[in-house]
Amino acid sequence: MITVVGLGFTDTSVTKRGLATIMGSDMVIMRTLRTPPAKALDGIYHGSFDYLYDKAENFDDLNVMIADELIRLNESYPSLVYCVDGDGYKDSSVVELKKRTQVYIIPGPFDLAITPSTSCTYLSAYEVEGKYPDPCMPICIYNIDDNNIAGDVKLFLLRFYSPDTKAVLATATRSTEITLEELDRQKKYTFDTAVYVEGGNNSSFADLLRIMTRLTAPNGCPWDKAQSHESIRINLLEEAYETVEAITDGNLDGMIEELGDVLLQVVFHCDIALRSGEFTLEDVIKGLNDKLIGRHTHIFGGDKAEGADGALNVWERNKMKEKHQDTFAAAVNDIPKCFPALLRAQKAVKRVSKGGWGQSLDNIYSKLDEEFKLLDKAYKSGDPKQIADKLGDVLLCLAWIGQTMGANCEQALLDTVGKVQKRYTAFENAVLADGKEVNNLSDEEWQFYYNGAKKCL
């Protein structure tokens with residue numbers, strides 16, 4: 001077992017119990033000697049991990065390296081004591097260490113000049129990246145030791161709060177009220193500088209859930225609480241298509257709105273399921289988390305992947321394993337039937353190509369030429385069934401070409417249809433402006449107006 005002693009944030013914060021434990025150990029290791037608490041142990045400690053700060057690529061790596069070294073040292077020094085700033089519980093290296101071995105913590109004071117809450121989220125300023133705190137709850141970010149770090153913390157907090165949100169900027173000896181906008185404009189920062197925000201933002205995921213619950217409560221909105229999975233299922237498709245359109249148009253405001261609508265559909269279905277006892281939002285999130293971890297074994301497991309293609313291969317292999325698809329045919333037949341025809345065709349082509357049906361472009365071009373001739377023959381026969389059958393073969397060949405070239409057939413066709421709509425609108429407007437009818441043009445006139453519309457786009 002490794003004993004952790006919290007030293008607080010000043011050179012007089014260490015408790016008598018903590019100091020007695022340190023004095024009774026034959027190996028005392030400091031996380032760092034660069035902060036005031038280390039002064040209280042001058043001449044007592046045996047080493048620090050300051051040398052690892054320059055070796056680690058980021059703080060996650062640093063915490064792993066510290067934990068590895070502590071476990072190694074503990075084999076030779078059973079009474080090893082590891083000293084960290086603060087109360088000992090919130091230090092990220094201690095959190096990592098507790099994942100690996102038994103840890104006994106002798107707490108020190110979290111003695112910053114703020115009144116912390118038991119429900120507060122505590123984060124080091126160096127480890128905010130990738131974190132998603134609940135803005136409804138208090139948050140304290142410490143270790144803001146220079147202006148650049150203060151700027152990073154400010155940008156992080158502004159994702160969840162407005163610039164004029166009131167906050168407390170504190171050290172172990174003083175505190176002052178500021179707005180978040182002012183966080184990186186202070187004259188001085190020290191290792192114990194922290195910012196504390198009380199919380200209460202009304203733009204969190206938790207707020208969305210509360211609003212949804214209120215709408216579908218017994219005394220809520222009559223329409224919302226009457227819906228079922230079936231009655232709103234088409235809404236998810238509509239919102240997804242509108243999101244794709246906003247992305248295609250480069251409409252960022254539209255993306256914000258439409259992604260919100262997609263999220264609403266997810267929350268709505270989870271609320272319906274919860275009320276009917278089918279499943280919960282937590283079930284959905286757990287399934288997603290498990291899927292992300294299980295399919296990214298090149299990140300969370302022992303697999304290796306070179307580049308995007310290698311990562312995709314790992315993902316698809318893990319996906320087949322997860323879905324118990326022990327044959328390629330199982331994967332081919334697992335394509336959702338509700339997909340648009342062209343998207344479904346390309347998915348099928350992609351999967352059969354991985355299962356031994358891969359072809360060169362030259363072979364596909366030759367096949368396409370053959371299918372065009374058969375389509376023409378079917379058309380001349382006048383048999384609708386044969387025409388549909390051969391037209392399907394031609395379209396499949398085109399999907400095969402798109403997949404082989406690495407193009408998205410569905411999006412390519414959508415883009416082209418949009419281009420046709422715009423060109424035709426310009427064509428008709430030009431014809432009408434000249435007082436003519438679109439169906440009464442000579443071949444020369446038609447070509448003239450078509451060329452003009454083509455130049456517009």
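Fair warning: this is a prediction, and the values are worked out from it, not measured in the lab.
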Quick check against the 3.5 Å criterion: does Glu181 have a side-chain atom that pairs as donor or acceptor with the backbone of Asp164?
no
Please table the atom pairs, donor to acceptor, closer than 3.5 Å between any side-chain atom in residues 425-440 and protein atoms at least two apart or in another chain.
unit_1, atom_1, unit_2, atom_2, d
Thr425, OG1, Gln421, O, 2.8
Asn429, ND2, Thr425, O, 3.2
Asp434, OD2, Tyr449, OH, 2.5
Lys436, NZ, Glu445, OE2, 2.9

For Ser162 and Thr165, which I'm curious about, is there any donor-acceptor pair between the side chains at under 3.5 Å?
yes
Do any N or O atoms from the side chain of Gln346 and from the backbone of Ala407 form a donor-acceptor pair under 3.5 angstrom?
yes
Is the number of heavy atoms from other residues, nucleotides or ligands under 6.0 Å of Asp309 CG greater than 12?
no
Set of salt bridge (charged side-chain N to carboxylate O under 4.0 Å, His left out) partners for Asp362, sequence neighbours left out
none
From CG (Asp224) to CD1 (Ile211), nearest 0.5 Å
11.5 Å
Quick one: are Tyr82 and Val94 in side-chain contact, heavy atoms under 4.5 Å?
yes
I'd like to know if the side chain of Gln386 reaches the main chain of Gly382, judged simply by a donor and an acceptor atom lying under 3.5 Å from each other, with no hydrogens or angles considered.
no
With rounding to the nearest 0.5 angstrom, report the CD to CG distance, Glu282 to Asn289.
11.5 Å
Give, for atom CD of Gln265 and atom SG of Cys270, the distance between the pair rounded to the nearest 0.5 Å.
11.5 Å
Is the terminal nitrogen or CZ of Arg34 (NZ for Lys, CZ for Arg) located under 6.0 angstrom from the six-membered ring centre of Tyr53 and within 45° of that ring's axis?
yes
Pair Lys380 + Asp376: basic N to acidic O under 4.0 Å:
yes
State yes or no: are the ring centers of Tyr142 and Phe110 separated by less than 6.0 Å?
yes
For Glu239, does its backbone N or O pair with a side-chain atom of Thr243 as donor and acceptor, under 3.5 Å?
yes
Is any side-chain heavy atom of Val267 closer than 4.5 Å to one of Leu209?
yes
Distance-only, no hydrogens or angles: does the Thr248 side chain make a donor-acceptor pair with backbone N or O of Val244 under 3.5 Å?
yes
Checking the side chain of Asp383 only, and the main-chain atoms of Lys385 only, is there a donor and an acceptor separated by less than 3.5 Å?
yes
After noting the C-alpha distance and the side-chain angles of Cys120 and Tyr196, does the key distance pass the side-chain contact (heavy atoms from CB on, under 4.5 Å) rule?
CA-CA 9 Å; Cys120 186; Tyr196 176 79; 3.8 Å; yes
Report yes or no: does Glu258 contribute a side-chain atom to a donor-acceptor pair with the main-chain N or O of Glu242 at less than 3.5 Å?
no
Counting distance only, does the side-chain N/O of Thr216 pair as donor-acceptor with the main-chain N or O of Met212 below 3.5 Å?
yes
Do Gln411 and Asp415 have side-chain atoms, one donor and one acceptor, less than 3.5 Å apart?
yes
Can you tell me how the ring of Phe300 sits relative to the ring of His296, calling it parallel under 30°, perpendicular over 60° and tilted otherwise?
perpendicular
Please check this pair: side chain of Lys225 against backbone of Pro218, looking for a donor-acceptor N/O pair closer than 3.5 Å.
yes
Whether over 12 other heavy atoms sit under 6.0 Å from Phe279 CZ
yes
Nearest 0.5 Å, please: how far is OH in Tyr161 from CG in Leu180?
8.0 Å
Where do Ser124 and Asn143 come nearest, in terms of heavy atoms and distance?
OG-OD1, 3.3 Å
Under a plain distance cut-off of 3.5 Å, with no hydrogens placed, do Asp369 and Ser366 share a side-chain donor-acceptor pair?
no
Looking at every heavy atom in both Val314 and Thr297, which two are closest together, and how far apart are they?
CG1-OG1, 3.3 Å
Would you call Arg31 and Asp85 a salt bridge, using N to O less than 4.0 angstrom?
no
Here's one to test your reading of the geometry: is the NZ or CZ of Lys131 within 45 degrees of the ring axis of Phe156 and under 6.0 Å from its centre?
no
Is Lys154 atom NZ crowded by more than 12 heavy atoms from other residues, nucleotides or ligands, each under 6.0 Å away?
yes
List, one per line, each side-chain donor-acceptor pair under 3.5 Å for residues 60-69, sequence neighbours excluded.
unit_1, atom_1, unit_2, atom_2, d
Asn63, OD1, Ser92, OG, 3.3
Asn63, OD1, Ser93, N, 3.4
Asn63, ND2, Phe59, O, 3.1
Asn63, ND2, Ser92, OG, 3.2
Asn63, ND2, Glu127, OE2, 3.0
Asp68, OD1, Arg100, NH1, 2.5
Glu69, OE1, Arg72, NE, 3.2
Glu69, OE2, Arg72, NE, 3.3
Glu69, OE2, Arg72, NH2, 2.4

Mind checking the SG-CZ spacing from Cys409 to Arg344? Nearest 0.5 Å is all I need.
15.5 Å
So CG of Asp87 and CD1 of Ile105: to nearest 0.5 Å the spacing works out to 8.0 Å
More than 12 foreign heavy atoms under 6.0 Å from CD of Gln359: is that the case here?
yes
Do you know which two heavy atoms are closest between Val4 and Val84, and how far apart they sit?
CG1-CG2, 4.0 Å
Any Lys/Arg nitrogen of Arg233 or Glu230 sitting under 4.0 Å from an Asp/Glu carboxylate oxygen of the other?
no
Does any N or O in the side chain of Thr416 come within less than 3.5 Å of the main-chain N or O of Ala412, such that one atom is a donor and the other an acceptor?
yes
Looking at every heavy atom in both Ile144 and Tyr189, which two are closest together, and how far apart are they?
O-CB, 3.4 Å
With a 4.0 Å cut-off, would you call Asp290 and Lys286 a salt bridge?
yes
